[in-house]
A.B. asks: 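One structure is given below, represented as structure tokens, and several questions about it will come after.
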There are 2 protein chains.
Amino acid sequence: MECKPTIEDVARLAKVSIATVSRVINNQGGVRKATEERIVNAINELGYIRSAVARSMKRKETHTIGIIVPDIKNPFFPLVVSGIEQKAREKGYYTILSSTNESPMVEEEIVKIFIERGVDGVIITTANEAGDHIKLLHDQGIPIVAVDRAIKNFEVDTVLVDNVNGSYQAVQHLILQGHKKIAIICGPQNTTPGHERFLGYKKALEEYNIPFDESMVIQGDFMEGSGYHAAQELFDLETRPTAIFSSNNLMTIGCVKALIDLDWKLGEEVSFIGFDDVEIATFIKPKLSVVSRPMNTLGEIAVQLLYERMNVKENLPKRQYLLSPELKIRESCQLSKKKI
Amino acid sequence: MECKPTIEDVARLAKVSIATVSRVINNQGGVRKATEERIVNAINELGYIRSAVARSMKRKETHTIGIIVPDIKNPFFPLVVSGIEQKAREKGYYTILSSTNESPMVEEEIVKIFIERGVDGVIITTANEAGDHIKLLHDQGIPIVAVDRAIKNFEVDTVLVDNVNGSYQAVQHLILQGHKKIAIICGPQNTTPGHERFLGYKKALEEYNIPFDESMVIQGDFMEGSGYHAAQELFDLETRPTAIFSSNNLMTIGCVKALIDLDWKLGEEVSFIGFDDVEIATFIKPKLSVVSRPMNTLGEIAVQLLYERMNVKENLPKRQYLLSPELKIRESCQLSKKKI
DNA sequence: ATATAAAATCTAAACGTTTACATTTTTAAT
DNA sequence: ATTAAAAATGTAAACGTTTAGATTTTATAT
């Protein structure tokens, strides 16, 4: 309706100067009890709410964290974001979120707008790990924390999941069940997660002296469709794999859909482990075994790192967290029929 | 690093006044070609980025939309939010998101902070439909759009899904397949969606002269656990229902889990339709029939309404959208065995 | 060349805070 | 009662924009 009351209105009503009002709304102390009371009353009477904009103007900080994710529709991210949001709010920060659709160009544009808006820090899962397109942030001295995907061309705090270890564990498990022909549905090899999960796969094979077979490696793009096609391809092979490892959640979904459509019996004819838990995992029969990442924790640690970086003046060294994923054994991997 | 360049630095370098610089960064025209060029060069040279904070200060608008949802982990909301976010960005607005965990108190607190931050508008799915706790927004003249849940105690634009119609269609479908003993797992009756979906159920029964049977009504709370228990309860009944209608996605998940655990054969012994599509719907055999809501559209329309409200000075009348859900017939409802 | 209108540019005041510093009031010590 | 020290309060200048309105420059008509 009418103009919102300002600190000045409060001051006038309480018959003090704005400085004193400012002191009480910021709990800085040094105000006589009686005066404070008068001010508080004035505030209530007027329904005064201080302007964060004006405050940011003076303080040069917005208490806002920018979040950039590549695809908010991927169920992985809402969980990370939820962790971030909650932890941030605890610490008095709010978040502004944008999804880039995996486009570095959109990302660059968003970075620009975040800077305009004066975010105090950014948590990002970048669409391009080189990171040159977001150098601007770094140049402005805005703290950055990279989540789930590293940034190559300059130093930032990073919180990653141990992808190599995660897929190693999964494949190891399959090997120990007697599988020899283990297929992998890969993610893009120019992304850290895609590459590292492939590395873990190879490492497990090597360690157990299973010969590496090119035909067991299908390239996917982390999207559902590619998981579906990959399964088809594997099904059409002369010698089919007895187990499949899928490198991410969406491809897992695609793959499982294909298995159903192909009537390729999950757990019986082909064992399966997927990277990342998915909602469907416990619905289908047999229940899917998965490598599960602590997404909430991922977000929380990101906030913690960012918080320190935003509030500590001294030059902190670059920090890198590596969270361990957890192998959740359910029912989708059985002992291989061909026992040795 | 060093202090960011301001409009003043640009002006100095381009040898003009700040007013002229302001004109060019806002494309207001009325600037000589040569001057503009000089200014643009200066901007690039300095890497100047205008401060949105200072701008908001003067303009008294932040181009920020606050979003309040009760539970960001419910897969329904990320989809709505995604629709909002995208449409908002198109229109030059950014969003700040908070999840309340269904707590009106948290909601009230968030509202306060949103006001502090000067959001231009709010899109909300409230935790308490009375809405008294968010009256503050209304008092400040901040436009509000209610999504999915109405607000009772004052007038706001609203975009809802036709719940009555949605559940009516679902139950009608079951009836037409010959079912007589149709159970409903209800949501909380003090929420609009919970109540309306129950209404649709009753309406269908009445219209087809099926006697209303109290034992077929189980109260749930829209959470997974209650869906699970509801199914158990129904299973334990002397005369079990031949069909179940679940009032939301989470309860659907719980219910289906129970059916599996109870070995109560979905589609054969008991037909099923759920309100809201769920990821698992097309995975389990038989595939789940559902009432599907257009969540992306829900978000987009909300932004459209809010946008108009924010930018039109005249008093717009209260507007109310009612989106029709769509019944997606898949495989989980079969003709009732007991034909008449 | 001059007068006038139009276009470009500038000046300065806001916007609502915070904060260093100055001033006044209170308290405590004599 | 006087004075010094401490505490409370006030003054005024930022912060980086936008924007009326004033002023200067340029273009146009005579």
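A note on names: the letters A, B, ... follow the listed sequences, proteins ahead of strands, and every chain is numbered from 1.
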A.B. asks: Any N or O donor-acceptor pair under 3.5 Å from the base of C:dT18 to the side chain of A:Lys58?
C.D. replies: yes

A.B. asks: If you assign each of B:Arg32 and B:Tyr48 to its closest nucleotide in DNA chain D, which residue comes earlier from the 5' end?
C.D. replies: B:Tyr48

A.B. asks: What integer distance in Å separates A:Arg59:CZ from D:dA13:P?
C.D. replies: 22 Å

A.B. asks: What nucleotide among D:dT18, C:dT9, D:dT19 has an atom nearest to a side-chain atom of B:Ala19?
C.D. replies: D:dT19

A.B. asks: For B:Arg50, answer base if it contacts any base atom (sugar-phosphate contacts may also be present), sugar-phosphate if it contacts only those atoms, and nothing otherwise; contact means non-hydrogen atoms under 4.0 Å.
C.D. replies: sugar-phosphate

A.B. asks: Can you measure A:Ile18 atom CD1 to D:dA12 atom C1' for me and round it to whole angstrom units?
C.D. replies: 9 Å

A.B. asks: From CG of A:Asn26 over to C1' of C:dT17, roughly how many Å is that when rounded to an integer?
C.D. replies: 9 Å

A.B. asks: Contact class for B:Ser56 (heavy atom, under 4.0 Å): base, sugar-phosphate, or nothing?
C.D. replies: nothing

A.B. asks: Using whole Å, report how far CD of B:Glu116 lies from C1' of C:dG16.
C.D. replies: 13 Å

A.B. asks: Does the side chain of B:Lys15 get closer than 4.0 angstrom to OP1 or OP2 of C:dT9 through an N or O atom?
C.D. replies: no

A.B. asks: What distance do A:His133 atom NE2 and A:Ile151 atom CD1 have between them, rounded to the nearest 0.5 Å?
C.D. replies: 7.5 Å

A.B. asks: Taking B:Thr35 for the side chain and B:Lys33 for the main chain, is one N or O donor matched with an acceptor at less than 3.5 Å?
C.D. replies: no

A.B. asks: With a non-hydrogen cut-off below 4.0 angstrom, is A:Val53 in contact with a base, only sugar-phosphate, or nothing?
C.D. replies: nothing

A.B. asks: Side chain of A:Ala54 only, please: which of C:dG16, D:dG16, C:dA20 is the nearest?
C.D. replies: C:dG16

A.B. asks: If I take atom CZ in residue B:Arg55 and atom P in nucleotide D:dT18, what distance separates them, rounded to the nearest angstrom?
C.D. replies: 5 Å

A.B. asks: Examine the side chains of A:Glu308 and A:Gln304 and answer whether a donor and an acceptor come within less than 3.5 Å of each other.
C.D. replies: yes

A.B. asks: Between atom CD in A:Glu61 and atom P in C:dT17, what is the gap in whole Å?
C.D. replies: 16 Å

A.B. asks: Classify B:Ser22 by what it touches in the nucleic acid, base, sugar-phosphate, or nothing, heavy-atom distance under 4.0 Å.
C.D. replies: base

A.B. asks: I want to check something: taking the side chain as every heavy atom from C-beta on, are A:Val69 and A:Ile124 in contact at a cut-off of under 4.5 Å?
C.D. replies: no

A.B. asks: Taking any heavy-atom pair under 4.0 Å as a contact, classify A:Gln28: base, sugar-phosphate, or nothing.
C.D. replies: sugar-phosphate

